[in-house]
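The structure under discussion appears below in the form of structure tokens.
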2 protein chains.
Amino acid sequence: MSVLFTAQMAKHYSLLQELQNENLAGVAYKNRKLIRSILTHFANSGNATIPYLSKLLNTSVPKTGELIAELIEAGLVKDYGKTGSSVGRRPNIYGLASDSAFFVGVEVKNNYINIGLLDFKKNLVKLSERLPYTLSNTQQSLDELCEIVKTFIEGLKDIAEKVLGIGISLSGRINYKTGYSYSFFYFNEEPLSSVIERKIGIPTYLDNDSRAMAYGEFCSGVVHDEKDVLFINIDYGIAMGVMINGELYYGKSGFAGEFGHIPFFQNEILCHCGKKGCLETETSGKALIDQFRQKLREGASSLLNSKYKNIDDIKLDDIIDAANNDDTLAIELIAKVGEKLGKAIAALINLYNPELIILGGRLAGAGDYIYYPVKSAINKYSLSLVNNDTQLKISRLGAKAGVIGACLMVRNKLLG
Amino acid sequence: MSVLFTAQMAKHYSLLQELQNENLAGVAYKNRKLIRSILTHFANSGNATIPYLSKLLNTSVPKTGELIAELIEAGLVKDYGKTGSSVGRRPNIYGLASDSAFFVGVEVKNNYINIGLLDFKKNLVKLSERLPYTLSNTQQSLDELCEIVKTFIEGLKDIAEKVLGIGISLSGRINYKTGYSYSFFYFNEEPLSSVIERKIGIPTYLDNDSRAMAYGEFCSGVVHDEKDVLFINIDYGIAMGVMINGELYYGKSGFAGEFGHIPFFQNEILCHCGKKGCLETETSGKALIDQFRQKLREGASSLLNSKYKNIDDIKLDDIIDAANNDDTLAIELIAKVGEKLGKAIAALINLYNPELIILGGRLAGAGDYIYYPVKSAINKYSLSLVNNDTQLKISRLGAKAGVIGACLMVRNKLLG
DNA sequence: AATAATTAATTAATATTTTTATTAATTATT
DNA sequence: AATAATTAATAAAAATATTAATTAATTATT
């Protein structure tokens, strides 16, 4: 493979490495900062011209030109030719070279893994969905996970060399900054991210599943210019990713967004977290399944009556499919869940005064059947002056949000 | 007065004005940015030496020295002599000149006004408390407010010239960025901040009362290095100031932190906001008064039985005083309010994973009688892994938080 | 079709900043 | 008490970035 390692690639890696170097000072430091800013601008906002960057960074045109030349020399940036017309000489436009670097995103679910490959310009160039895997809190399960990722990367052939990092999205409580996972694979003194990094040999970052999805949606989903955004992941459980001032919010230790376990009901339903009355106990995929099965046992009729002999075999996706096929029971129960959830979201609106709230996760697949009950409860329960500001939208990336978010997370770590 | 306006003062004002100038480019822009950074550092972290600043700003020592000389020339910065010993030649230490500029903070309450004067170095040099005033939503009330502030500033004599700005803390919904107040004095097309600014002739900024208090606590109260902090203002109503990543969080339009109106109870008590079940309806100063009076009517005994003939004359401060004098009824009812509030705060902890939560506002004057019930409810209702991170403290500035916060708000606007 | 007007890119001149060297001030060590 | 070691401040030299001037490329106008 080292035959493929060209002189340009060597330059490109040395420049990227230099960007991570913390020990620079003086002129070298300032140049690195400018180069980072240029790359970040390309990464987040796309191609740009030298005069534009010059104004943006408050640097002279000759200096900006010099930095761009350096980036082109290193193979990270490409000259994309002249831009569309206006008055005067047309500027050249520059941007990232899409095939100069790649990022791998891994979404670990309970019964399968999704892995995606993102190029330097945020294009999802490969996606392996539903690779068989069973998540359990054992060393063996962890080893298996690493093997699957390794195999995926080896299968990329010459691109494998250009993979700059791996982002892993995992459920449970994760401290993104330290790399520790507390809910899964907490066997060692060493942070989980380091353990995996050592096994695979590529820089690895961990994050919580809902936050990864949120990040995908923030960077290449439904979010445009909004800076204060909440992403609600309505799956088996309920969680939230928070974007504040254009950046993911983590809190002290990366546990922010535990929306599903706020004490919201006065009920006696025991949550898997050990407390009673958690939001999740009445408004989540799990709650919906329980409620649906209960209704069937009580003799209610549904499309799913005929599909399964055993009521306990009914899955969340079945209920969502049923609703999308006009099943009255599914629609009614989803609406009830939506109303309660909307009331809790109304509280979030009062607290965060967000510009946008995104409904994501599997239950968001129910589209209007979840959207309208949530929307109407928001109007009912939040202060009108405050909720006037807040748009409500359904996730655009859908099931791909997790993988794309995990890729973007690493990309941002290195470029942002 | 213009006799007092010296040549140095002219320089000083021109430099401060230049700092606000948005139309600088090139070298001038960069110098301004550096000067701003130096001033901000002095303002937030205190005095510093040239070698230290040089490292901090990644600027060479000669350049840093030049900028400091300019600031001294303008009278904004002072040379405070040599620092305490270490090895080698001891550096000179520089910092803000405390008497070079002042800030006025105005806290508007329902029945009085507090006005404070802060010097350049954050010392509260004058405080006029409980100036008689009645807040009502009329033009006359607004005029009266302006007159009181004007009188205060004129009374400062030669210092009046050096007042750089006025910060006003007002209850209700306020958009800090635009200067609009929606709950009070919303008579004109023009933002309220501009209206007042025109009347008094000094740059004026508005903010919400709870946020101003929170800001006081964040900058010169109980907060040290914490970056993610919640300040709960427990007064007649309940509201919150949020600090995220070391900065006040406003949300899309400055309405973030409406903690008191989240739908938290299933009760039928109508809140003044028009909704039912708001947090405030059962856990706030108003709720406490209502509950206390109700108990007395039901025949309960209390120290306050003898003090007032008419139960309706009992005020919030009386109940807090009673508790602090071991009145059982007051203590019990405050504890109940505290428990419910603690449950709601547990939700905040799950959502924000904050490093610190501050209990402020009048009810925080009940000290341990409110602290422990809140603390115990937090332990009961939030996820232990998350709440382990969160300290709970009582406000340090107490009744002065609002005035100090209002002063600091303007100071930060100009220096931060 | 030629010219003016406009903006981009490059080059040369100027200004600014940094780096290095030197001097100054101070503490610890011999 | 003298000297070495250390850090700060200043001065001089070198490096670097900016500004201004020039050339290039393009569109609108005469």
Side-chain angles (χ1 to χ4, degrees), chain A residues 15 18 21-38 41-42 46-74 77-95, chain B residues 15 18 21-38 41-42 45-73 77-95:
Chain A
L15 204 160
E18 197 186 306
N21 182 358
E22 296 286 324
N23 303 329
L24 294 177
V27 176
Y29 172 86
K30 286 178 188 172
N31 279 337
R32 186 195 64 173
K33 209 168 146 189
L34 285 170
I35 283 198
R36 260 198 103 88
S37 303
I38 293 175
H41 186 269
F42 286 152
N47 299 353
T49 67
I50 289 178
Y52 175 85
L53 288 170
S54 172
K55 265 173 210 145
L56 187 77
L57 307 176
N58 284 288
T59 323
S60 66
V61 168
K63 178 68 185 166
T64 309
E66 185 190 313
L67 294 170
I68 292 282
E70 193 178 334
L71 284 163
I72 290 174
E73 173 84 352
V77 163
K78 252 176 84 176
D79 182 341
Y80 284 95
K82 301 286 178 193
T83 51
S85 66
S86 80
V87 187
R89 177 172 170 177
R90 294 182 317 192
N92 282 40
I93 191 158
Y94 303 88
Chain B
L15 205 160
E18 197 186 305
N21 181 358
E22 296 287 324
N23 304 328
L24 294 177
V27 177
Y29 172 87
K30 286 177 189 173
N31 279 338
R32 187 195 63 173
K33 210 168 146 188
L34 285 171
I35 283 198
R36 258 199 105 85
S37 303
I38 293 175
H41 186 269
F42 285 152
S45 315
N47 300 353
T49 67
I50 289 178
Y52 175 85
L53 288 170
S54 172
K55 265 173 211 145
L56 187 77
L57 308 176
N58 283 289
T59 323
S60 66
V61 168
K63 178 68 186 165
T64 309
E66 186 191 311
L67 295 169
I68 291 281
E70 195 179 332
L71 284 163
I72 290 174
E73 174 84 352
V77 163
K78 251 177 82 177
D79 182 341
Y80 285 96
K82 302 285 177 192
T83 51
S85 67
S86 79
V87 187
R89 177 172 170 176
R90 294 182 320 193
N92 281 40
I93 190 157
Y94 302 89

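Quick note on labels: first sequence line is chain A, next is B, and so on, each numbered from 1. Computed from heavy atoms alone, side chains included, the values below leave out hydrogens, waters and symmetry copies.
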Base versus backbone protein contacts along nucleotides 1-7 of chain D [heavy-atom cut-off under 4.0 Å; B, S, -]: -----BB

Map every base of DNA chain D to its dot-bracket character, where paired means a Watson-Crick or G-U wobble contact with both distances under 3.5 Å and | marks a partner outside the strand. ||||||||||||||||||||||||||||||

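Note that CD of A:Glu70 and CD1 of A:Ile68 are 10.5 Å apart. Values are rounded to the nearest 0.5 Å. Separation of atoms NZ (A:Lys78) and CG (A:Asn47) is listed at 10.0 Å; rounding is to 0.5 Å. Here the OG1 atom belonging to A:Thr83 is positioned 10.5 Å from the OH atom belonging to A:Tyr94, to the nearest 0.5 angstrom. For the atom pair B:Asp79 CG and B:Ile72 CD1, the distance stands at 5.5 Å (nearest 0.5 Å).
A:Tyr29 pairs by the ring-ring contact (aromatic ring centres under 6.0 Å, His included) definition with nothing, not counting sequence neighbours.
Within 4.0 Å (heavy atoms only), A:Thr49 reaches no atom of the nucleic acid at all.
Taking atom OH of B:Tyr94 as the reference point, atom P of D:dA8 lies 12 Å away to the nearest angstrom. In this structure, the CD1 atom of A:Ile68 is 15 Å from the P atom of D:dA17, given to the nearest Å. The nearest whole Å value for the distance from the CG atom in B:Asn92 to the P atom in D:dT10 is 8 Å. The distance between atom NZ of B:Lys82 and atom P of D:dA8, rounded to the nearest whole Å, is 10 Å. Rounding to whole angstrom units, CD of residue B:Glu66 and P of D:dA11 are separated by 13 Å.
Between A:Gly26 and A:Pro62, the residue whose closest nucleotide on DNA chain C is further toward the 5' end is A:Pro62. Of the two residues contacting DNA chain C, namely B:Val27 and A:Lys55, the nearest-nucleotide position lying further toward the 5' end is that of A:Lys55.
Near DNA chain C, defined here as any heavy-atom distance below 4.0 Å, the residues from residues 28-37 of chain A are A:Lys30, listed numerically.
Looking at B:Lys82 and B:Asn92, their side chains come closer than 4.5 Å, going by heavy atoms from C-beta outward.
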N/O donor-acceptor pairs under 3.5 Å from side chains in residues 50-57 of chain A, not counting sequence neighbours:
unit_1  : atom_1 : unit_2  : atom_2 : d
A:Ser54 : OG     : A:Thr59 : O      : 2.5

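Checked by atom type, the side-chain pair B:Asn31/B:Lys63 shows a donor-acceptor distance below 3.5 Å.
Of all non-hydrogen atoms in B:Thr49 and B:Pro91, the two that sit nearest each other are CG2-CG, 3.6 Å.
The salt bridge (Lys or Arg N to Asp or Glu O under 4.0 Å) contacts involving residues 25-34 of chain A comprise nothing, where partners must be two or more places apart or lie in separate chains.
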